[in-house]
Amino acid sequence: MQWETVIGLEVHVQLATRSKIFSGASTAFGAEPNTQACAVDLGLPGVLPVLNEQAVAMAVQFGLAVHADIAEVSVFDRKNYFYPDLPKGYQTSQMYHPIVGPGEVEITLEDGSTKRIRIHHAHLEEDAGKSLHEDFHGMTGIDLNRAGTPLLEIVSEPDMRNAKEAAAYLKAIHSIVTYLGISDGNMAEGSMRCDVNVSVRPKGQEAFGTRAEIKNVNSFRFVERAIAFEVERQIELIEDGGSVVQETRLFDPDRDETRSMRTKEEANDYRYFPCPDLLPVVLDQAYLDHLRGQLPELPADKRERFQSELGLSAYDANVISASRDMAEFFEAVHSECGDAKQAANWVQGELSGALNRESLSIANSPISARQLGELISRVLDDTINGKAAKEVFQALWNGQGESADEVIDAKGLKQVTDTGAIEAMIDQVIADSPAQVAQYRDSEPEKRGKMIGYFVGQVMKASRGTANPQQVNGLLKEKLDALL
Ligand code: ADP
Ligand code: MG
């Protein structure tokens with residue numbers, strides 16, 4: 001039997017407001033426990049919530065970025081349940097009239113192909129506090145700093161068909177929210193978490209299978225691993241004559257498996273009802289137009305432009321446009337050197353490699369876009385060769401010089417293109433290598449091309465790496481062949 005996987009994601013994005021969604025308490029990460037929860041966040045009697053306009057603006061910007069319908073009127077509801085980290089006894093959310101209606105996101109897969117994933121809706125809600133189990137023996141600590149932090153929950157349609165598509169979708173959402181600046185997107189700090197809904201069905205069958213929901217997966221890699229495990233579990237279960245039950249499961253990254261948390265029967269009855277303390281949110285066209293005018297160029301548009309205007313491959317355009325910082329760095333390098341392909345190669349190759357090795361983000365790159373652009377220009381105008389360019393890059397990275405030109409001068413890396421000088425070096429190498437010359441002469445003609453590498457290496461060494469390698473190659477071949 002052939003199986004098909006069906007996946008839908010619910011992504012929680014922490015919005016980058018300075019204060020909470022219904023109070024003035026700070027949302028800063030990492031403060032001492034329980035120093036940033038005020039009376040409103042604690043739900044003390046007699047307090048009233050006031051909606052943070054910035055959270056509304058951010059939700060709308062997301063909606064506009066995914067071409068969604070924005071609700072003229074949206075309403076906050078109370079989702080009632082008991083849990084120690086939820087001091088009010090309910091979470092304020094949007095159940096029936098979410099602020100963002102249906103939209104869509106384009107994802108790019110590894111082979112450069114694209115696919116549209118529909119968004120069912122996105123709604124605003126508040127986060128709960130955090131239970132701390134590790135520092136307390138036989139007790140649980142509660143930190144309410146996070147209570148009331150604004151979240152945008154983005155619910156997809158079940159449009160993904162494998163783990164790679166799910167990861168690509170999550171990356172696309174991550175790109176959009178960070179481009180918009182509505183979230184820092186920091187998954188390690190919990191700024192983006194997702195619930196992964198997974199089911200399987202026989203290939204060709206239209207009806208969906210029963211799904212399991214894997215809660216709180218917080219990295220791109222874990223999303224893929226949780227899906228891989230869950231798909232296998234469900235297929236085995238069905239093939240052994242069992243059936244999947246609708247339930248909530250938890251992914252355990254240490255054991256690489258999902259475990260049941262609660263089944264449908266144990267699910268809460270949330271008794272949703274409209275929050276009597278908050279007015280419906282009414283948005284007019286002028287407000288939407290105003291926010292639309294503030295949208296930056298979005299990742300999908302950049303990707304498209306990098307391909308059509310700058311001639312980058314689908315792969316390069318996708319990798320570079322995924323992060324706004326990287327895209328802007330690339331654009332600055334390109335405007336300095338004028339060669340998009342070279343700029344893309346250096347940003348993704350030498351620069352990304354060096355940043356990864358030192359765990360630096362591109363925003364903290366020790367080498368500036370301007371410096372890198374100048375360095376590439378010196379390769380393009382033949383001032384230096386590729387090998388010397390890497391040396392200049394390293395020097396600039398280490399702060400040994402202000403500009404490529406300064407490093408080239410200081411280290412004497414200027415490429416030797418003077419034919420006479422190169423010929424002299426070649427003659428010397430040939431004179432010093434009688435055995436290799438004899439070997440060259442006695443070789444089959446088709447093997448000589450390979451043997452020439454030895455001579456090129458010697459000449460490059462003699463020039464301390466500064467000879468132009470193409471010239472060395474051409475001249476060497478002429479001179480050696482003249483000896484045949
Ligand atoms: P609920 O209201 O019970 O939370 P929803 O219909 O809102 O369920 O769906 C929640 C998420 O689960 C959505 O992202 C949706 O795409 C996904 N989903 C729904 N049905 C399936 C299915 N059979 N297989 C995989 N994902 C599904
Ligand atoms: Mg749901």
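Counting starts at 1 for both ligands and their atoms, following the listed order.
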Could you give the distance from CG (Asp143) to CG (Asp85), rounded to the nearest 0.5 Å?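 It comes to 10.0 Å.
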Within ligand 1, which atoms have a heavy atom of [X] less than 4.0 Å away?
{"X": "Phe208", "result": "23 (N)"}
{"X": "Gly209", "result": "23 (N)"}
{"X": "Leu9", "result": "14 (O)"}
{"X": "Val6", "result": "24 (N), 25 (C)"}
{"X": "Val155", "result": "13 (C), 14 (O)"}

Counting heavy atoms only, which of [options] comes nearest to [atom]?
{"atom": "atom 8 (O) of ligand 1", "options": "Glu10, Arg211, Glu213", "answer": "Arg211"}
{"atom": "atom 24 (N) of ligand 1", "options": "Cys194, Ser199, Pro158", "answer": "Ser199"}
{"atom": "atom 11 (C) of ligand 1", "options": "Thr210, Val198, Ile154, Asn197", "answer": "Asn197"}

Evaluation steps, side chain to side chain donor-acceptor pair (under 3.5 Å), between Trp397 and Glu350: CA-CA 11 Å; Trp397 179 273; Glu350 208 71 13; over 6 Å; no
Are there more than 12 heavy atoms of other residues, nucleotides or ligands under 6.0 Å from atom CD of Glu239? yes
Any non-hydrogen side-chain atom of [X] less than 4.5 Å from a side-chain atom of [Y]?
{"X": "Pro150", "Y": "Thr27", "answer": "yes"}
{"X": "Phe329", "Y": "Leu351", "answer": "yes"}
{"X": "Pro366", "Y": "Leu360", "answer": "yes"}

Flag the pair Lys302 and Glu331 as a salt bridge only when some basic side-chain nitrogen lies within less than 4.0 angstrom of an acidic carboxylate oxygen.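 Salt bridge: yes.
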Does only the side chain of Glu157 get under 4.0 Å from ligand 1, or the backbone, or both, or neither? Count heavy atoms. backbone
Quick one: does Gln246 get an N or O within less than 3.5 Å of an N or O on ligand 1?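 There is no such contact.
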